[in-house]
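Down below is the structure, laid out as structure tokens.
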Amino acid sequence: MNELSNLEFSLGSFRTIVSFSKDFPAIPRERSCLVVEDEHTAGLFPQPESRRVIVPAGEEGKSWNTIERILDHALNRGLDRGSLFVGIGGGVVCDVTAFAASIYMRGAKLHLIPTTLLAMVDASFGGKTAINFRGWKNMVGTFYPAERIWIYPNALRTLPERELRSGMAEVIKAAMLQDGELFRLLETIGEQREPLHGLSLNMYEQLIRRSLQVKAFYVTRDLREQELRTHLNLGHTFAHGLEAATHFKEYTHGEAVAWGLYRAMDVGVLMGLTDPSYAERVRTLLTRFGYEEQVSGVDPEGIFQAMQKDKKKQRTLRFVLQRALGDTLLTPLDPALVKEVIARGVA
Ligand SMILES: NC(=O)c1ccc[n+]([C@@H]2O[C@H](COP(=O)([O-])OP(=O)(O)OC[C@H]3O[C@@H](n4cnc5c(N)ncnc54)[C@H](O)[C@@H]3O)[C@@H](O)[C@H]2O)c1
């Protein structure tokens, strides 16, 4: 196999190896292996029927029903704790495969082959697993890092432009958190205003490696999100509000995150906290990548109410803001200010 250099991380008592490969990773032929794909990735990366579980594509795939199907398949084939669960797909497949692996006989082996940019730079790495429950997004899950993540950038060749742009929002967020060089590289790409499909696979590999290094800084120090890891939620509290208010149907995760990054800059500048010239750089970058600064046809109050749902997980709702690139903080906000900023983001 044409393998490039690995990245290796310790996450609590777990160890994750991220391998980059120019060929599709060889999945062990052994009998005790189960492969999860969704309706789209099943056609793109065919696997022997006997060991494969195909789950619905999209958010509806993140359900108890899916987990039961994966567990039934494992049980019917007599798989044990030493068996390998492999997820091939985007964030949805990664989340459900990892959740099922984490609870099967108290933990089976787990490898992930992310096939969207978003899953390569974010969802596959860091150990968060989840399904949606009773209308609440990611409400049930575990922390269970994959032993191995295979990054096969060539998978991006079939990904629709909109999904590439979705993943790119997380790359931009990673740059804002920690990586000024990555931010400048993104500014250069943005200036060219070319379709993301036009970027070379070598460039994607660079963007993915750097984004993973940023995420690793947080998750290796705070796997269970006690405090530091929360910084990765930059833009996400606003994003979750927009996604939930539009029933997870109108916007991709990355589009919502980009909208949330605009809002994080707005709040910071209004509070006199964020350097206005940095906020302007972020806005310009987001606009060059084609993200909407304002959404239309959405009720601002609906977004605000939906954001309160994040309280359920956090107890008090705290927002991730920035003074400048690499200078991040966590703070509660006055609800009136939050409403004002949401209103600015709705046309
Ligand atoms: N666990 C985490 O830390 C974490 C982090 C971020 C996001 N997530 C979760 O990830 C999910 C979003 O992930 P996503 O954006 O990858 O969405 P997704 O998994 O729904 O994939 C997007 C679409 O692309 C298709 N697809 C996947 N690979 C393809 C390819 N190579 N070519 C063509 N089509 C392909 C999928 O079938 C799907 O239709 C959300 O549920 C979110 O909650 C989890």
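In listed order, ligands and their atoms are each counted from 1. This one's a predicted model, so the numbers in the text were calculated from it and none came from an experiment.
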Checking Asn202 now: which residues fulfil side chain to side chain donor-acceptor pair (under 3.5 Å) with it, not counting sequence neighbours?
none
Could you pull out all residues at least two apart from Ser102 that satisfy side chain to side chain donor-acceptor pair (under 3.5 Å)?
Thr142
Considering only heavy atoms, does [X] approach ligand 1 within less than 4.0 Å through its side chain, its backbone, both, or neither?
| X | answer |
| --- | --- |
| Glu243 | neither |
| Leu118 | side chain |
| Leu156 | neither |
| Asp95 | side chain |

Can you tell which of [options] gets a heavy atom nearest to [atom]?
| atom | options | value |
| --- | --- | --- |
| atom 17 (O) of ligand 1 | Ala155, Gly91, Gly127 | Gly91 |
| atom 38 (C) of ligand 1 | His253, Glu39, His40 | His40 |
| atom 23 (C) of ligand 1 | Glu163, Glu59, Met120 | Glu163 |
| atom 2 (C) of ligand 1 | Ala123, Ala98, Gly87, Gly43 | Ala123 |

Check ion pair Asp72-Arg69 (N to O, under 4.0 angstrom):
no
So does Lys137 pair up with Glu59, basic N to acidic O under 4.0 Å?
yes
Asp122-ligand 1 polar pair, N/O distance under 3.5 Å:
no
Under 3.5 Å between some N or O of ligand 1 and some N or O of Gly89?
no
Any luck finding a side-chain donor-acceptor pair between Gln322 and His231 under 3.5 Å?
no
Ignoring hydrogens and geometry beyond distance, is a side-chain donor-acceptor pair present between Arg77 and His73 at under 3.5 Å?
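There is such a pair (donor and acceptor under 3.5 Å, judged by atom type) between the side chains of Arg77 and His73.
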[X] touching ligand 1 at heavy-atom level, < 4.0 angstrom:
| X | answer |
| --- | --- |
| Gly126 | no |
| Glu170 | no |
| Glu60 | no |

